[in-house]
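What follows is a short report on a single structure.
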Amino acid sequence: MSKIRVLSDHVANQIAAGEVVERPASVAKELIENSIDAGARRIQIETEAGGRRLLRAMDDGCGMTRDDAVLAFERHATSKINRVEDLNSINTLGFRGEALASIASVARVELVTHEGGDEAEGTSVLIEGGRMRDVLPAARARGTTITVRDLFFNVPARRKFLRSEATENYHLTNLATHYALAHPEIEFLLTSNGREVLRASPARDLRERAYQIFGAEFVENLLEVTGGHKEVARARGFVSAPRERRTSRDAQYMFVNGRFVRDKLVSRALSEAYRSVLPHGVYPAALLFLDVPLEEVDVNVHPAKTEVRFRRAAAIADVVREAVRRALASSGYVREQADYDEPETSFGARDNEKFFATAGRSVSPLDSSAEESADNSANFVAADSESNGGRKGEWVETEAKDYGASQQERIEFHFPSAPEDERRLIDEKSLAASSAPGALTRNAQQVSTNESDNEANSTEGTNHASSQLAAPSQYQPPRSSSQQHDEAVERKLPPLVSAINLVREAKLESLTRNIRPLGQLEESFIVATDAEGLLLIDQHVAHERILFDKYNRTEASRVAESQNLLLPKTFDLTPAQAAAFEMVVGELETYGFGLMRLSGRTVAIKAVPADLPASEAKNLLAEVLDTIDAEKRGAARVNLRERIAASLACRAAIKINMPLTMEKMLWLIDRLLTTSSPTTCPHGRPVVLRLSTRDIEKGFHRT
């Protein structure tokens, strides 16, 4: 007897449904794409019980005749391709002809459609579990309505794997948001259990549609992106300014030829464009569209069509990176490139060529005080700290200015006067020396030191810092002999041996109470000593660990300290955030938040935890709602509480570039040693690094 047999259409459709229909949002995706392909100008989605009980999609597209309505439920029946060659230039969202057959095999489906025109009546098709029950005439205006009831009613094993109603609603809302952004000209309406979740009327452009969905504050922080090559890809859309930071990629909406995709290549290129602008683990928001020649992209690589494959992947990444980098440069966040229309994999060489011209714009020569010049110089150098070996992205924007921190006093070294030939060497090569990143840092520090000496010298320091960052064609005033001498001596010094291989994370058992702080390094790290050697303590993550343990104890005791706001702050939620809000509002209130849901998607913040600055309340709330995505919301409540506590601790903790008195450093160290994990922060980063006395002796070849 033959072992190989041809499966029936019913079994084959259910197998296909396992690939195409993962959850109610997968059904909605296929129906919305069919509506868009049909030329709809209005799409309405209705759901009940997270789409499990009911999911209905209505549009005003071209509709179907009676014969087409019946044939549409056959496997591999489609109007979008005819020949094999059509697969090389797919310009529609759907093309396989599997969706309706797969959906109908695992649900009770009713299709009502009318082509309009001379047709007097429409058509109603009823299918249950893949079997056609009836075909009847029906009354309907031009367009199509598809109603899907009792999803997976005949596949209990699949039904039990569906998540909670809130989780499924989140996925549905996220999907509708994506396609509303991709097609601003189409009106979208999403309702859940009779309550309106998303309404987006036809918009003129993407910016207006973003305003409808995300609100005015989000749109204000957007930078326009445009660029690329017609033969490779054109990039357009918007990205967020560096001050608009997210702790996940949930706010990144990416489309290829109008198709919503999840592509690691594009995401990685976007992150590379923000290198040295955003710290590690922080992501920008993005509404990014790629228009790629149809023959350059393969959309037939994923059952749900959420992934694509590019023929020239490296060139696509270059286009995205260059276009986003150009948007950042046009707003003064990074140095401008010479030619963005030539993709390249590295920015380093061309950045050096354009260094002076952009630096002249980054630091205004009309600064009224040395303090402004020093801040601008430090921030400019900090923005590129990662590419020059500095700490990754920690010096972003004007963090030091936000806290009003003054520069620490630095040790000055004095040497005898340099010989005449050395001074002449400096004059001849001053331009090259000033272009080095280290020279820029020294100039910024010199301005800060001059400022602390006396007010008269501060003006001279300002001019000096501005001239160092000016274009080569501009006049540079002569520097004093001491400044020339200092640079000559520093350049003559041999390179120092790095201790990077000697520093290691401190072990918990090695920490004792006998830790004595010595001072701060860059007003960000506490330098301390104990019986075993030197310790470096990251003041931000140390305080983060202290607050995290405090919030966990607070949650356990249900006694939260909060501060009422004189004027409540209003916060407009995105549709996806609104779906998450009801899940986390109770947990947020246990930590000291006072929240009230207003009309629509607006939330009023009436109180915040006592340790949290009121200015950080909106950012924290957005971070919690964005990072606690659907899968995490389905996790245990204890995990949800820990995520909230970690986000709250991070926002409330002291920041880098913040000077601390010796008493504050002692308090921080003492409290850190009483926490549950003094050597790691809630996000897993090390808190304390050790350079032991033995390693120091080894470095000096004393052992």
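Along the sequence shown, residues are numbered consecutively beginning with 1. Predicted model, so just to flag it, every value in this text is computed and none were measured.
- At a threshold of 4.5 Å between non-hydrogen side-chain atoms, the residues I537 and L689 do not count as touching.
- When side chains are defined from C-beta on, T693 does not count as touching E532, because their heavy atoms never get closer than 4.5 Å.
- Annotation: side chain of V324 is not in contact with side chain of L223 (no heavy-atom distance under 4.5 Å).
- Evaluation of the ring-ring contact (aromatic ring centres under 6.0 Å, His included) rule for F214 yields F218, Y253 as partners, not counting sequence neighbours.
- Side-chain N/O atoms of S240 and N221 include no donor and acceptor closer than 3.5 Å.
- Put simply, the side chain of L595 reaches to within 4.5 Å of the side chain of L588, judged on heavy atoms.
- To the nearest 0.5 angstrom, R553 atom CZ is 9.0 Å from S676 atom OG.
- The pair D549-R545 counts as a salt bridge, with a side-chain nitrogen and a carboxylate oxygen less than 4.0 angstrom apart.
- Around atom NZ of K618, more than 12 heavy atoms belonging to other residues, nucleotides or ligands sit under 6.0 Å away.
- For the residue pair Q539 and E523, no side-chain donor N or O sits within less than 3.5 Å of a side-chain acceptor on the partner.
- Ion pair R685/E544 flagged as a salt bridge, since at least one NZ, NE, NH1 or NH2 atom sits closer than 4.0 Å to an Asp/Glu carboxylate oxygen.
- With sequence neighbours excluded, no residue satisfies salt bridge (charged side-chain N to carboxylate O under 4.0 Å, His left out) with R671.
- Under the rule for a side chain to side chain donor-acceptor pair (under 3.5 Å), the partners of D530 that lie at least two apart in sequence or sit in another chain are R690.
- Contact check for F593 versus P609: side-chain heavy atoms found under the 4.5 Å cut-off.
- Using a 4.5 Å heavy-atom cutoff, the side chains of E307 and K264 are not in contact.
- The structure places CG of L625 at 8.0 Å from OG1 of T574, a figure rounded to the nearest 0.5 Å.
- Residues satisfying the salt bridge (charged side-chain N to carboxylate O under 4.0 Å, His left out) test with D695, not counting sequence neighbours, are R504.
- In terms of the side chain to side chain contact (heavy atoms under 4.5 Å, CB included) criterion, residue partners of T529 (sequence neighbours excluded) are, by chain and number, R516, L518, L534.
- Sparse packing is recorded around CD of E217, with 12 or fewer heavy atoms of other residues, nucleotides or ligands lying under 6.0 Å away.
- Side-chain N/O atoms of R243 and Y333 include a donor and acceptor closer than 3.5 Å.
- No side-chain heavy atom of F238 sits less than 4.5 Å from a side-chain heavy atom of L288.
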(request) Would you please test R262 and S267 for side chain to side chain donor-acceptor pair (under 3.5 Å) and show each step? (result) CA-CA 8 Å; R262 300 184 183 94; S267 298; over 6 Å; no
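- A heavy-atom distance below 4.5 Å is not found between the side chains of L648 and L547.
- Partners of E22 according to the salt bridge (charged side-chain N to carboxylate O under 4.0 Å, His left out) rule, which considers only residues two or more places apart in sequence or in another chain, do not exist here.
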